[in-house]
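To start, the structure itself, in structure tokens.
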Amino acid sequence: MEIPLLRYQSISLDQIQNSYGFPFPFASNKVFREKSLFPGCYFSFNKRWKNPFRIIKCSLMEQGLKPRPKPNKMNIEELKESDLGETQIKKKSSVGICSQIEKLVLNKRYTEALELFEILEFEGGFDVGTSTYDALVSACIGLKSIRGVKRVFNYMLSTGFEPDQYMRNRVLLMHVKCGMMIDARNLFNEMPERNLVTCNMIIAGLIDLGEYLEAFRLFLDMWEEFSDCGSRTFATMIRASAGLGLLSVGKQLHSCALKMRDGDDTFVSCALIDMYSKCGSIEDAQGVFDEMPEKNTVGWNSIMAGYALHGYSEEALDLYHEMRDSGVKMDHFTFSIIIRICTRLASLEHARQAHAGLVRNGFGLDIVANTALVDFYCKWGRIEDARHVFDKMPCKNVISWNALIAGYGNHGRGEEAIELFEQMLLEGMRPNHVTYLAVLSACSHSGLSERGWEIFHCMSRDHKVKPRAMHYACMIELLGREGLLDEAFALIRSVPFKPTTNMWAALLTACRVNGNLELGKFAAEKLYGMEPEKLCNYVVLLNIYNSSGKLKEAAEVVQTLRRKGLRMLPVCSWIEVKKQPHVFFSGDKTHVQTKEMYEKVDSLMLEISKHGYVPDKGTLLPDVDEQEQRVMKYHSEKLAIAFGLINTPDWTPLQIVQSHRICSDCHNAIKLIGMITEREIVVRDASRFHHFKDGICSCGDYW
DNA sequence: TTAGGGTTAG
């Protein structure tokens, strides 16, 4: 049908309408006749359209429209001729339906509104007014229903509705908000007139998709066309500069917004707080926040998220208390941010309060906050609680599934992680690269190498997820755990890109565990070339030499470290008891309960030595060479555990956070401490969570 | 006239 149209320039609107059986979208004969460059052709009047005939094809085919042999209006005419009375009744009832739809939407009962709309669609042909379409658009946006958008839009076309600028914008918004950006772009391109609102909407849609550069391009076009824009546009564009991480661009927008201050700048301020923190300048973010005359919920949320992003979790929690005291209302964003901060701080008490607050304030069903809770409970060893939250979620997305799968995997429950992954596929959820990372790492932790290989092979074949460096690193770790170093090395050499540091680091760790000096040295040298200033690479090689008795080589590594001036930052661990964090450094003697703690450590060490514990001198850190015995015995995490054992009831799990990677000696010691004290111990270190229970650790084994 | 903007989870 569309081919003949492409060949003739002078086709008229009437001809097109006759061919397709319905009026063309957003066309009016008046506009067309006055502005058309090609007489008789509506499509060519807009100067932006380089190829009007391509647009004809796009607009019809891409919207999935098919010619209708019998326009609906004909049905009404036929009805009129045959039974005038009944038509009148129907018309009356359609007015009733329309007002009912509008009322339902006002009450946010979107699903019911769209169900009622089905009656109009079924009967066909009734004229629906702008106010009803407005309501239907809101319903589609509220439900993010692509099907709804298609239904409403097709009905509009089939009834010959001619929208004004307001309605055209609403229709565009409906497509943008439901993520139908290809259709939205087509509509935008075909619009006979655009205003600031039109442009703001399409730009915001592009930013939602992460198309920041395209958003900037359109912004500049818009600037040229209108020579004007309001604070709304600035708020949106500041978000784009945050997405690109361009501080200088963000600052330019900030100064433009200041120059044209137009009253309510709260939105701009909030966007600026977010932009400054995401671009690395928390001081500027704080400055904007301080200047806000009235700090609203979003402002508080943004600054809290900013502090959390910069690793100032405690400060973020203080801000949360300030926010609570200031009486500003909290929303689901607030709770999501707080739960994530609690995950970092290992604060079970605060997380529980946030969980309760979430439910109490009516956000108990929020997908983001619940996913944050699943992640929290998983990371703190409460898999059953995580599962409970997950099962109660009314809808789940790929992030929710990933959080729980990773939770099972990180706690050594690889089989269950795989089962969950399979259930996810059965429920029609499409896995992404994070899902595969979680499943592969679960296989690796639980030693399920065969299953790991199967999954690794099917990720690109079945779900078109191309393995990334982290997936390869995971497979190298998996092979390394099996002692298959040659295969691991072969995999590194086979990757279709330059091997990354993660991959060499996984091979190096595998070499340390399997005592392969030669390959370990090779991997370490690769790493030195790529990360000459990263201390931990030298430490692993140092430990390989130490544990294989190569003292001369070990001394050389220490010399290199000294020459480079590399030194380990003081390691610290902390534990929260009665809402108070207690921080310990290696050999720390500043705490008021030092005496009791040291006595406890001594007695624990004596006790575990009866169960076969032998200090592992082969994995010392480079800054503990002089008083190695003493310091090894009093590593910060051991002090934190002793403190916890003295000060908490028997049934409480000990939750320790460590700023560095836990050393293998402490890992081994904690396994035994957990066993003899019958206490659950969860240690979160710089690389992963270790959940010690009944003498085993969830990380599979120490790596 | 109405409409369009900012913050959250793996």
Side-chain angles (χ1 to χ4, degrees), chain A residues 130-131 134 137-138 141 163-174 176-177 194-205 207-208 222 229-240 242 257 262 264-275 277-278 285 288-289 292 295-306 308-309 323 330-343 354 358 363 366-376 378-379 386 389-390 393 396-407 409-410 431-438 441:
Chain A
T130 299
S131 59
D134 206 30
V137 164
S138 300
I141 293 173
D164 56 7
Q165 187 62 38
Y166 167 79
M167 205 57 222
R168 276 197 283 264
N169 282 347
R170 290 284 286 161
V171 169
L172 180 71
L173 181 71
M174 168 170 88
V176 168
K177 290 279 180 189
R194 296 165 194 161
N195 57 19
L196 279 176
V197 177
T198 326
C199 296
N200 283 345
M201 287 188 310
I202 202 87
I203 288 173
I207 293 172
D208 285 341
M222 170 183 163
C229 71
S231 65
R232 284 163 186 269
T233 317
F234 279 111
T236 312
M237 293 320 297
I238 290 165
R239 181 153 71 100
D262 64 355
D264 180 21
D265 283 333
T266 317
F267 281 87
V268 171
S269 302
C270 296
L272 282 170
I273 294 170
D274 182 57
M275 182 277 292
S277 64
K278 282 184 181 153
V288 176
F289 180 71
M292 276 176 87
K295 295 167 176 56
N296 66 353
T297 307
V298 183
W300 282 103
N301 290 347
S302 309
I303 193 75
M304 280 194 302
L309 185 72
M323 177 188 184
M330 294 178 194
D331 63 5
H332 55 295
F333 283 83
T334 320
F335 292 110
S336 308
I337 296 164
I338 290 304
I339 293 163
R340 189 157 141 75
I341 289 168
C342 291
T343 311
L358 187 79
F363 307 118
D366 181 69
I367 191 168
V368 178
N370 276 302
T371 303
L373 269 175
V374 169
D375 183 47
F376 174 85
C378 280
K379 286 194 170 141
V389 174
F390 181 83
M393 285 169 75
K396 297 141 188 148
N397 59 16
V398 65
I399 304 180
S400 329
W401 283 95
N402 292 351
L404 193 64
I405 293 173
N410 287 334
N432 63 12
H433 66 280
V434 183
T435 322
Y436 276 104
L437 199 57
S441 130

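As a basis for the values below, the full set of heavy atoms in this structure was taken, side chains included, without hydrogen atoms, waters or symmetry mates. These figures come from a predicted structure and were not determined experimentally. So you know, we letter chains A, B, ... as the sequences are listed, proteins then strands, and number each from 1.
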Could you check which of [options] has an atom nearest any side-chain atom of [X]?
X: A:Ile367; options: B:dA9, B:dT2, B:dT8; result: B:dA9
X: A:His332; options: B:dA9, B:dT8, B:dT2; result: B:dT8
X: A:Ala305; options: B:dG6, B:dT8, B:dG10; result: B:dT8
X: A:Ile399; options: B:dT8, B:dA9, B:dA3; result: B:dA9
X: A:Met201; options: B:dA3, B:dT7, B:dG4; result: B:dG4
X: A:Asn301; options: B:dG10, B:dA9, B:dT7; result: B:dT7

Taking only the side-chain nitrogens and oxygens of A:Arg340, find out if one of them lies under 4.0 Å from OP1 or OP2 of B:dG10. yes
B:dT8 phosphate, OP1 or OP2, under 4.0 Å from A:Lys278 side-chain N/O: yes
Using a heavy-atom cut-off of under 4.0 Å over every strand shown, decide if [X] touches base, sugar-phosphate, or nothing.
X: A:Lys177; result: sugar-phosphate
X: A:Asp274; result: sugar-phosphate
X: A:Leu196; result: base
X: A:Asn195; result: base
X: A:Ser302; result: sugar-phosphate

Pairwise side-chain contact, [X] with [Y], heavy-atom cut-off 4.5 Å (strictly under):
X: A:Met304; Y: A:Thr334; result: yes
X: A:Leu358; Y: A:Ser336; result: no
X: A:Thr297; Y: A:Met323; result: yes

To the nearest Å, give me how far apart [atom1] ([X]) and [atom2] ([N]) are.
X: A:Met323; N: B:dT8; atom1: CE; atom2: C1'; answer: 12 Å
X: A:Asp164; N: B:dT2; atom1: CG; atom2: P; answer: 13 Å
X: A:Met222; N: B:dG5; atom1: CE; atom2: C1'; answer: 11 Å
X: A:Ile339; N: B:dT8; atom1: CD1; atom2: P; answer: 15 Å
X: A:Ile341; N: B:dT8; atom1: CD1; atom2: C1'; answer: 11 Å
X: A:Asp375; N: B:dT8; atom1: CG; atom2: P; answer: 16 Å
X: A:Ile141; N: B:dG5; atom1: CD1; atom2: P; answer: 9 Å
X: A:Asn200; N: B:dG5; atom1: CG; atom2: C1'; answer: 7 Å

Applying the 5.5 Å / 30° rule, does A:Phe267 stack onto the base of B:dG6? no
Measure the distance between the ring centre of A:Tyr166 and the centre of the six-membered base ring of B:dT1, then answer whether it is under 5.5 Å with planes under 30°. no
Using distance alone, with no hydrogens and no angle criterion, decide if A:Asn169 and A:Thr198 have a side-chain donor and acceptor under 3.5 Å apart. yes
Are a donor atom and an acceptor atom from the side chains of A:Arg170 and A:Ser138 found within less than 3.5 Å of each other? yes
For the base of [N], is there a side-chain donor-acceptor partner from [X] under 3.5 Å away?
X: A:Asp366; N: B:dA9; answer: no
X: A:Asn432; N: B:dG10; answer: yes
X: A:Thr233; N: B:dG5; answer: no
X: A:Asn402; N: B:dA9; answer: no

Where does the angle between the aromatic ring planes of A:Trp401 and A:Phe390 fall among parallel (under 30°), tilted (30 to 60°) and perpendicular (over 60°)? perpendicular
Name the orientation class of the two ring planes belonging to A:His332 and A:Phe363 (parallel below 30°, tilted from 30 to 60°, perpendicular beyond 60°). tilted
